[in-house]
Amino acid sequence: MSLQIDAVILAGGMARRMGGDDKGLVELNGKAMIEYTIERIKPQVKEILINANRNQTRYAEFGFTVLSDEHTGFLGPLAGMITAMGHTQADYLLVVPCDCPLLPRDLVARLLAAIEANDAELAVASDGEREQPVVMLLKPSLRESMTAFLEAGERKIDFWYAKHRFAVAAFADQPNAFVNVNTPEQKQRLAAEINQS
């Protein structure tokens with residue numbers, strides 16, 4: 001039996017460091033940032049969901065289901081994950097941010113291998129030095145635990161997954177895989193990198 005794996009792209013944040021611009025829609029070399037993310041993960045998953053709390057009509061133009069947080073008030077990535085976990089029947093849900101245009105093309109395979117090798121409930125990606133809490137593969141059945149954590153006033157994803165059996169998949173061989181864009185300067189640097197990739 002082959003596993004069904006869906007994905008959610010988190011585009012629900014406030015993007016304060018980008019002057020409030022909606023990061024997924026910021027253009028990089030003439031394409032919205034989220035388009036790069038979609039291109040990278042589409043061959044790796046069955047369905048893609050987009051979590052967005054504004055510009056939903058614009059996000060819907062990419063052809064995927066757009067979900068707004070069930071918990072209101074811009075509560076961060078956990079709220080987007082909880083919403084997506086309630087809208088998938090998949091065995092696993094891949095979580096990625098909308099502003100990582102160089103995500104690994106073997107992201108799912110390596111996260112899944114880490115889960116299976118460690119009998120874990122979820123796997124989080126690492127760039128070889130630091131864990132990337134918004135890049136993970138997890139079982140949707142963890143939704144209840146995540147909801148309780150969020151409703152207790154907690155926000156930090158790594159504090160949540162530390163309570164579970166988790167594995168780490170290192171991508172030290174792809175050092176730019178998780179480079180993201182928080183400032184206009186980073187955007188310029190990344191545009192140059194994309195031209196070379």
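Bear in mind that the values here come from a model prediction, so they are computed numbers and not experimental data.
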Value rounded to 0.5 Å, distance of [atom1] in [X] from [atom2] in [Y]:
X    : Y    : atom1 : atom2 : result
L122 : L138 : CG    : CG    : 6.0 Å
L78  : R155 : CG    : CZ    : 8.0 Å
T88  : K139 : OG1   : NZ    : 14.0 Å
C100 : L10  : SG    : CG    : 10.5 Å
Y36  : K31  : OH    : NZ    : 5.0 Å
N55  : D22  : CG    : CG    : 4.5 Å

Return the minimal non-hydrogen interatomic distance between [X] and [Y], and the atom names on each side.
X    : Y    : result
L137 : V108 : CD2-O, 4.3 Å
A114 : A167 : O-CB, 3.5 Å
F178 : Q132 : CB-OE1, 3.6 Å
A84  : L93  : CB-CD2, 3.9 Å
Q44  : D106 : OE1-C, 3.7 Å
K42  : I48  : CA-CD1, 3.9 Å

### Query
With respect to M146, which candidate in H164, E151, M85, K163 satisfies the side-chain contact (heavy atoms from CB on, under 4.5 Å) definition?
M85
Under 3.5 Å, is there a donor-acceptor pair between the side chain of [X] and the main chain of [Y]?
X    : Y    : value
Q174 : L103 : no
E121 : R165 : yes
K187 : E27  : yes
T65  : L49  : no
D158 : P133 : no
D99  : K23  : no
E154 : F149 : no
R40  : R105 : no
Q4   : Q89  : no
D127 : R130 : yes

#### Entry: side chain to side chain contact (heavy atoms under 4.5 Å, CB included) between L111 and L107, worked out
CA-CA 6 Å; L111 288 170; L107 182 62; 3.8 Å; yes
### Message
Looking only at side-chain N and O atoms, does Q56 offer a donor or acceptor that is under 3.5 Å from a partner on S68?
### Response
yes
### Query
Are a donor atom and an acceptor atom from the side chains of Y92 and D6 found within less than 3.5 Å of each other?
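The criterion, which ignores hydrogens and geometry beyond distance, is not satisfied for D6 and Y92.
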[X] vs [Y] side-chain heavy atoms within contact, under 4.5 Å:
X    : Y   : answer
E47  : H87 : no
I9   : P97 : no
L190 : L28 : yes
Y59  : R54 : no

### Query
Are more than 12 heavy atoms from other residues, nucleotides or ligands located less than 6.0 Å from atom CD of Q188?
no
### Message
Tell me whether the count of non-hydrogen atoms from other residues, nucleotides or ligands lying under 6.0 Å of CD in E144 goes above 12.
### Response
no
### Message
If you apply the rule side chain to side chain contact (heavy atoms under 4.5 Å, CB included), what do you find for M136 with I157, and how did you get there?
### Response
CA-CA 10 Å; M136 68 163 82; I157 304 168; 3.4 Å; yes
### Query
Would you call R110 and D173 a salt bridge, using N to O less than 4.0 angstrom?
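Looking at R110 and D173, the cut-off is met.
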### Task
Apply side chain to side chain contact (heavy atoms under 4.5 Å, CB included) to the pair N118 and F166, showing each step before the final yes or no.
CA-CA 8 Å; N118 295 279; F166 75 96; over 6 Å; no
### Message
Before you tell me yes or no, could you show the steps for N51 and D69 under side chain to side chain contact (heavy atoms under 4.5 Å, CB included), namely the whole-Å CA-CA distance, both residues' side-chain angles and the distance that decides it to 0.1 Å?
### Response
CA-CA 7 Å; N51 165 238; D69 290 351; 2.8 Å; yes
